[in-house]
Amino acid sequence: IRSVIQYCNAQMMDKLYTWQGVNNALLRDRLSMRGAELLAAESEKNRVAAEADELIESVDEDIQKLKKQVAMVYEKVEWYRNKMDEMGVSPSDIQTLDDVKKLPFTDKTVLRDTFPYGLFAVPLDEIIELHASSGTTGKPIVVGYTHRDMDVWSDCIARLAMMAGVKPGDRCQMAFGYGMFTGGFGLHYGLQKLGCMMIPAGSGNTERHLQMINDYGTTVLIATPSYALHMCEVGEKKGFDWASSSLRIGLFGGEPCPPKMKEEIERRMHITCTDNYGLTEVMGPGVSGECLCSRDMQHIAEDHFLWEVVNPETGEPVPEGEEGELVITPLDKEGIPVLRYRTHDLTYVVTEKCECGRSHARMKKVRKRSDEMLIIRGTNVFPSQVEDILSGIKGVTPFYRIEVDNETGLDRMKIKVEIEPSALSDSYEEMDRFRKMIATKLKETMLVASEVQLIEPGGIERSFGKTKHVIDHRK
C-alpha cells in the first residue's frame, strides 16, 4: 500500500511540476514576446529619431553650403553681384533653404550673354577642363571644372552607376562621343572611380561596337536610348546573339527614354536599362539617377544640388508632387557656380523614402520641356504626346519626326512615322487605312489635326547623340 501511495504521489508531483513548467514557459514566452515588442518599438523610435537627426544634419549642411555658395558668387561673379544689387538682395539675406527664392534665376541666355568666361568664379589657371554645348541654336554654353568639381562630378556618376547595378570590375563600353559634350567624359571618369574598366569606343561604327561587346566581354553599355535601339536593329540583321552576350546593364542618357522604348530595348538586348539625368550648365550627367526599385523615378543628389519645382510661367513654387519646371542650384560648384538654373525640364518631385532605402528626393523622369512645347493653331503640343500615342500602335517603330510650317499662313504639322516591316502591304487601300488610323489617334489626344506620312523601315535617320524630333520651319 505504501508503495502504491508513494507511486501516486510521485505521479502527482510530476504532473504538478510539468504544469508549473508549462505555465512558467508560457509566462516566459509572453514576457519574451512583450519584451520583443517593447524592444522593436524602442528600435523603431530610435530609427525614426536617427533619421530625423540625419535629416536635420543634412538640411543644416545644405544651408551652410548654400550660404557659402551665394557669398562666393556675389564676391567673384560680376553678373550675379549686379543682379542681386538690382534686386536688393545680399548674401546675408540667405539664412534658410527657402531663402533661395530671393535669388535671381539663371538661364541659357545669361550664359550666352556672358560667353565665354563671364560667369566663371575662379581664375582660368584653376580650370583643368572645359566643356560646352553644341551651340546649334546660338553661342555655345561654356562650363569649366576645377579639381574639386571633377571629384564631385565623378562621385555623382559613381553613385548613379551603383544604383543601376554597376559594380567594380564591370567592363563599360562608351557609345557617347568624346568631344566637348559632357556625357562621354563625365560617365568615363565616374565609372573609373567606381573601379570599372572603361572601353572608350566613342560614337558611331555600330558593327565595331557589336564586335567589341563579343571581343572584350562588355557588361555595361553607355549610350542614348535611340542609339541602343539602333544597335538592336543592326545586331539582329548581322545575327548578333543578344541573349548569350555578356551585356547586362544599359546606362542611358542624353535624351528621354519612353517606357515602351525601354521595354523594347530590354526585351531585345536582354539587359536592364536605366536612365540618368543631368545638364551641362550645372555639371553634366549625375544630377539624378534611377534605382532598381523605382524605375520611373530618379534619385536627386541632394547633397550637391538644391532643387525647386516652379510654375514655368510665374516662377512661383508648386506643391510637392505637382508638375512644374525643375530649377537647380549646385551647392559645391567652384568653376561656374550658377544660381537657380532654369532647366525648362518639366517634372515633379517627391520626398518620401524609396523602397530601396535611399532617402534622397526622387524626380519623375523628364519626358517634356517647357521650351519644346509647340503651339499649333492655339493648341499646346509636346513631342512626348506623339511618342506615347505611337508606342501603343502595333507596327510602328519608336522613330518619328514632327515638321511644322506656316507657308499657307496657317500652322501645319506633319508627322513622319516609321513603320515596321510587318506593317508593310502591297495594298494602297490597306496602307492608307493604317495611316488614317494613326492620324485619328493623334488628333484624339492632341486635339489638333496633323498630316501623317508613313516612312519605310529604316527611313528615318538614326542619331548617335541626341535625337532631334522636331523641325520647325515657321517664319
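From a predicted model like this one, the values you see are computed outputs, not experimental measurements.
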* Asked: Can you find a heavy atom in the side chain of S450 that is under 4.5 Å from one in the side chain of V448?
  ->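 The answer is no; the side chains never approach within 4.5 Å.
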* Asked: Do Y277 and V366 touch side chain to side chain, with heavy atoms closer than 4.5 Å?
  ->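 Answer yes - side chains close enough.
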Do [X] and [Y] have their ring centres less than 6.0 Å from each other?
X	Y	value
Y80	Y74	no
Y178	H188	yes
W153	H131	yes

Does [X] come within less than 4.0 Å of [Y], counting only side-chain N to carboxylate O?
X	Y	value
R268	E264	yes
D99	K102	yes
E352	R362	yes
E451	R412	no
K368	E323	yes
K333	E281	no
R474	D405	no
R248	D170	yes
D107	R342	no

* Take atom CE in M162; do more than 12 heavy atoms of anything else shown fall under 6.0 Å from it? ->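 Open: at most 12 neighbouring heavy atoms sit under 6.0 Å from CE of M162.
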* Check M363 against L326 and note the closest heavy-atom contact, atom names and distance. =>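 Scanning both residues, the minimum pair turns out to be CE-CD2, 3.9 Å.
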* Asked: Q173 side chain to P200 main-chain N or O, any donor-acceptor pair under 3.5 Å?
  ->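 No, the answer is negative, given that no donor and acceptor are paired below the 3.5 Å cut-off.
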* So, the side chain of T218 versus the backbone of C172: is there a donor-acceptor pair under 3.5 Å, distance only? ->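 No: the side chain of T218 does not pair with the backbone of C172.
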* **Residue among K365, R295, R367 satisfying salt bridge (Lys or Arg N to Asp or Glu O under 4.0 Å) with D275** =>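 For D275, the salt bridge (Lys or Arg N to Asp or Glu O under 4.0 Å) check succeeds only for K365.
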* To do: Mind running salt bridge (Lys or Arg N to Asp or Glu O under 4.0 Å) on R267 and E263 for me, showing each step along the way?
  => CA-CA 6 Å; R267 176 178 57 81; E263 290 173 11; over 6 Å; no
* Plane angle bin for Y400 and H469 - parallel if under 30°, tilted between 30 and 60°, otherwise perpendicular ->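 Plane angle under 30°, so parallel.
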* To do: Please state whether the rings of F120 and Y117 are parallel, tilted or perpendicular, taking 30° and 60° as the class boundaries.
  =>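 Perpendicular, since the angle between the ring planes exceeds 60°.
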* Please step through salt bridge (Lys or Arg N to Asp or Glu O under 4.0 Å) for the pair K364 and D296, ending with a clear verdict. => CA-CA 6 Å; K364 179 72 174 178; D296 60 339; 3.2 Å; yes
* To do: Taking the six-membered ring of Y227 (Phe, Tyr or Trp), confirm whether the NZ or CZ of R462 is under 6.0 Å from its centre and within 45° of its axis.
  =>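 Because its charged atom misses either the 6.0 Å distance or the 45° angle limit, R462 does not stack over Y227.
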* Asked: Going through the distances and angles, do H299 and C354 end up as a side chain to side chain contact (heavy atoms under 4.5 Å, CB included)?
  -> CA-CA 9 Å; H299 288 277; C354 180; 3.4 Å; yes
